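To keep things clear, I will list the structure first and then write my remarks on it.
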Amino acid sequence: MRRGLVASLPVLLAVGLYAFFAASDPTPTTYRTAGLVARALAAIGCFIGAAQFDRGDYMRKAWGLLGTAYFVFFLNALIFGAVSHGAQREISSAMAITSGLIVWAGNIATVVGAVMVARAWKAAGLNLMVKPGTRLAVTVISIAIGLLVAGPAAIAALRGLADGQLDSLVRLAACVGDIVTLGVLGPILLTALALRGGSLAWPWSMIVVGTLGWLLYDGVVSVMTLLQYDRGQVRSLEEALRLFACGSFLAAGILQRMVVHQSAAPSASPAPSA
């Protein structure tokens with residue numbers, strides 16, 4: 001029951017934030033604060049996950065990279081202002097380039113961390129009984145979905161760069177990072193499915209949910225623009241989806257902690273299956 005409550009945390013946070021926006025008249029500062037809180041929660045969750053493993057452990061490095069990436073995103077938004085699909089920043093060219101390079105570094109850390117998570121079963125010497133052809137097919141499908149959803153935003157960012165909009169460098173980094181990360185979503189999902197019925201399925205599943213959250217985040221602007229929603233509605237939903245994605249990584253880290261502590265706790269009888 002406790003795990004189910006933790007797993008529902010991203011939905012509760014996202015719905016609560018969107019309801020707050022709908023009932024108020026959010027300002028740019030409100031949106032920025034919401035984005036900062038979301039990034040901070042994701043970083044905290046990933047560092048909680050990393051802390052459950054010994055120094056030098058494979059999964060400690062994977063969780064640590066993800067946490068570092070979100071911390072970098074937090075610092076970037078704090079120093080240079082929030083970046084979103086539905087809003088522009090008024091900063092100098094030098095600041096835009098610096099911010100873009102920081103976000104590129106953060107996205108590289110995200111990709112490497114996600115790849116490590118996707119390969120964790122192999123590093124642990126486990127056999128998930130998944131055929132190589134199946135794993136390849138799922139990976140290709142994941143990349144195709146990522147291109148379909150985040151591709152238009154990446155193209156728009158490239159056009160912005162071509163027009164001299166240096167702030168588009170940040171959006172391009174985010175889109176490319178999401179596309180590559182979605183490419184390893186398939187293997188992570190296969191790992192979660194292989195672990196179903198066991199405690200470890202919980203944190204793995206929340207990593208999948210968080211990655212899907214970023215997929216929704218990238219697709220919301222295209223969909224809502226097509227439906228002719230105004231910019232304020234787009235921004236509110238965008239920030240709610242950002243919180244959903246980041247909240248999923250917070251939940252994943254907490255669930256990882258719960259799994260490790262359950263395994264370490266002495267028990268007179270076998271622990272019930274999750």
Side-chain angles (χ1 to χ4, degrees), residues 10 35-79 83 98-126 139 142-143 146 150 170 172-192 195 200 202-215 217-218 242-260:
L36 286 171
V37 170
R39 294 171 177 89
L41 290 177
I44 291 170
C46 292
F47 286 137
I48 288 175
Q52 309 315 306
F53 300 93
D54 295 330
R55 187 179 299 274
D57 189 277
Y58 181 90
M59 284 305 298
R60 183 183 179 96
K61 295 177 182 178
W63 278 111
L65 275 170
L66 293 174
T68 299
Y70 279 108
F71 182 66
V72 166
F73 297 148
F74 170 81
L75 288 180
N76 177 72
L78 181 65
I79 297 170
V83 180
T98 302
S99 176
L101 293 176
I102 290 173
V103 174
W104 272 101
N107 273 280
I108 290 173
T110 300
V111 169
V112 175
V115 170
M116 291 183 69
V117 170
R119 294 175 56 84
W121 64 274
K122 190 171 184 179
L126 300 176
T139 300
S142 297
I143 294 175
V170 172
L172 180 61
C175 291
V176 172
D178 288 345
I179 291 170
V180 178
T181 302
L182 285 166
V184 298
L185 173 64
I188 296 175
L189 177 60
L190 289 176
T191 301
L195 295 171
L200 282 174
W202 286 89
W204 249 256
S205 296
M206 292 312 300
I207 291 175
V208 171
V209 171
T211 307
L212 289 174
W214 286 119
L215 181 71
Y217 172 85
D218 281 329
R242 190 201 305 274
L243 183 57
F244 173 78
C246 291
S248 297
F249 282 91
L250 170 64
I254 294 173
L255 288 166
Q256 181 68 74
R257 183 179 186 278
M258 294 172 69
V259 168
V260 172

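Note that the structure is predicted; figures quoted are calculated from it, not measured.
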Work out which heavy atom in Val209 is nearest to a heavy atom in Phe244; give both atom names and the distance. CG1-CZ, 3.5 Å
For residues 99-108, please give each side-chain donor-acceptor pair under 3.5 Å, one per line with the distance, not counting sequence neighbours.
residue : atom : partner : partner atom : Å
Ser99   : OG   : Asn76   : OD1          : 2.7
Ser99   : OG   : Asn76   : ND2          : 3.3
Ser99   : OG   : Arg89   : NH1          : 3.2
Ser99   : OG   : Arg89   : NH2          : 3.1
Trp104  : NE1  : Leu169  : O            : 3.4
Asn107  : ND2  : Val103  : O            : 2.9

Could you check whether any side-chain N or O of Tyr70 sits under 3.5 Å from a backbone N or O of Cys246, counting only pairs where one atom can act as donor and the other as acceptor? no
Results of side chain to side chain contact (heavy atoms under 4.5 Å, CB included) for Ala77 - residues two or more places apart only: Leu36, Arg39
So do the side chains of Val176 and Val111 get within less than 4.5 Å of each other, counting heavy atoms only? no
Main-chain N/O of Phe53 paired with Arg60 side-chain donor or acceptor, under 3.5 Å: yes
Checking Met116 against Leu65 for the side chain to side chain contact (heavy atoms under 4.5 Å, CB included) test, could you report, in this order, the C-alpha distance in whole Å, the side-chain angles of both residues, the deciding distance, and whether it holds? CA-CA 9 Å; Met116 291 183 69; Leu65 275 170; 3.7 Å; yes
Ignoring hydrogens, what is the shortest heavy-atom contact between Ala245 and Gly210? Give both atom names and the distance. CB-O, 3.6 Å
Are the side chains of Met206 and Phe249 in contact, using a 4.5 Å heavy-atom criterion? no
Residue pair Trp63 / Val117, side-chain heavy-atom distance below 4.5 Å: no
Once rounded to the nearest 0.5 Å, what's the spacing between atom CD1 of Ile44 and atom CG of Leu250? 7.0 Å
Counting only heavy atoms not in Phe71, do more than 12 sit closer than 6.0 Å to its CZ atom? no
Would you call Ser248 and Ile207 a side-chain contact if the rule is heavy atoms closer than 4.5 Å? no
Does any non-hydrogen side-chain atom of Ile79 lie less than 4.5 Å from one of Thr98? no
Atom CZ of Phe47 and atom CD of Gln52: how far apart are they, to the nearest 0.5 Å? 13.5 Å
Tell me the closest heavy-atom pair linking Pro203 and Val259, and the distance in Å. CD-CG2, 4.1 Å
If you look at every heavy atom in Cys46 and Leu66, which pair is closest and at what distance? SG-CB, 3.7 Å
Partners meeting side chain to side chain donor-acceptor pair (under 3.5 Å) with Thr110 (sequence neighbours left out): none
